[in-house]
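Quick notes on the structure that follows.
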Amino acid sequence: MEKEIGGFAVPKAGHDKGKLYMVVGYENGKYLLADGKVRTLEKPRKKQKKHLDFLPVRGEISELFSGEKCSVKNEEIKRAIKQLHAAGGHINQEVTDVQE
């Protein structure tokens with residue numbers, strides 16, 4: 001579970017299916033997801049692992065999640081997601097290369 005924090009995940013079902021999120025934490029058996037816009041660090045989306053596809057890509061800011069005090073901001077999450085989109089890591093809301 002610790003290795004996923006700071007990485008990227010895509011929900012498999014629900015109204016947010018196919019949307020790219022950054023994994024910002026783990027609490028009560030659920031992963032906390034943020035996109036920096038609607039789902040911010042202050043109000044992350046909660047999803048179980050079985051409902052997520054994890055991308056084998058790590059963001060540049062992922063090492064900042066390792067400390068007890070997280071210094072990541074919503075703007076940095078938005079930028080990391082935008083960079084992944086620009087690099088072609090998540091095209092057309094379709095995830096083809098995921099890590100189980």
Side-chain angles (χ1 to χ4, degrees):
M1 115 186 71
E2 190 68 34
K3 66 179 179 178
E4 287 95 355
I5 296 175
F8 296 96
V10 180
K12 296 178 185 178
H15 72 276
D16 58 352
K17 177 183 178 181
K19 186 171 181 181
L20 184 61
Y21 288 99
M22 179 172 272
V23 181
V24 296
Y26 186 81
E27 179 179 286
N28 298 328
K30 295 186 178 183
Y31 285 92
L32 305 177
L33 309 172
D35 64 1
K37 295 178 189 175
V38 176
R39 291 297 180 169
T40 61
L41 288 167
E42 296 77 32
K43 190 177 178 187
R45 178 97 168 103
K46 296 177 184 176
K47 286 274 193 179
Q48 293 180 3
K49 183 175 183 170
K50 67 181 180 180
H51 296 148
L52 295 171
D53 282 328
F54 293 94
L55 298 178
V57 179
R58 300 288 290 178
E60 293 178 9
I61 60 173
S62 59
E63 59 273 357
L64 298 176
F65 285 97
S66 61
E68 284 190 25
K69 184 151 182 139
C70 179
S71 61
V72 176
K73 298 178 182 165
N74 289 314
E75 293 80 22
E76 293 170 319
I77 293 173
K78 284 192 285 190
R79 189 176 314 115
I81 291 173
K82 188 175 181 180
Q83 287 174 350
L84 185 60
H85 276 288
H90 184 68
I91 300 172
N92 296 332
Q93 303 295 322
E94 194 70 29
V95 178
T96 56
D97 186 23
V98 294
Q99 171 181 332
E100 291 294 325

Residues pairing under salt bridge (charged side-chain N to carboxylate O under 4.0 Å, His left out) where one sits in residues 33-44, two or more places apart or in two chains, turn out to be Lys19-Asp35
Taking the side chain as every heavy atom from C-beta outward, state whether Lys46 and Leu32 have any pair of such atoms under 4.5 Å apart.
yes
Evaluate the criterion side-chain contact (heavy atoms from CB on, under 4.5 Å) for residue pair Asp16 and Leu33; output intermediate values, then yes/no.
CA-CA 11 Å; Asp16 58 352; Leu33 309 172; 5.7 Å; no
Within a strict 4.5 Å, meaning less than it, do heavy atoms of the Leu52 and Val23 side chains meet?
no
Tell me whether Asp53 contacts the main-chain N or O of Lys12 through its side chain, where contact means a donor paired with an acceptor under 3.5 Å.
no
Measuring from Lys73:NZ to Thr40:OG1, what's the distance to the nearest 0.5 Å?
14.5 Å
Within a radius of less than 6.0 Å around NZ of Lys78, do more than 12 heavy atoms belonging to other residues, nucleotides or ligands occur?
yes
State which residues pass side chain to side chain contact (heavy atoms under 4.5 Å, CB included) with Lys50; sequence neighbours excluded, sorted by chain then number.
Gln48
Considering all heavy atoms of both residues, which atom of Lys47 and which atom of Ala13 are nearest to each other, and what is their separation?
NZ-O, 3.3 Å
Any heavy-atom pair between the side chains of Lys82 and Arg79 that's under 4.5 Å?
no
Under 4.5 Å between any side-chain heavy atoms of Val24 and Ile77, yes or no?
yes
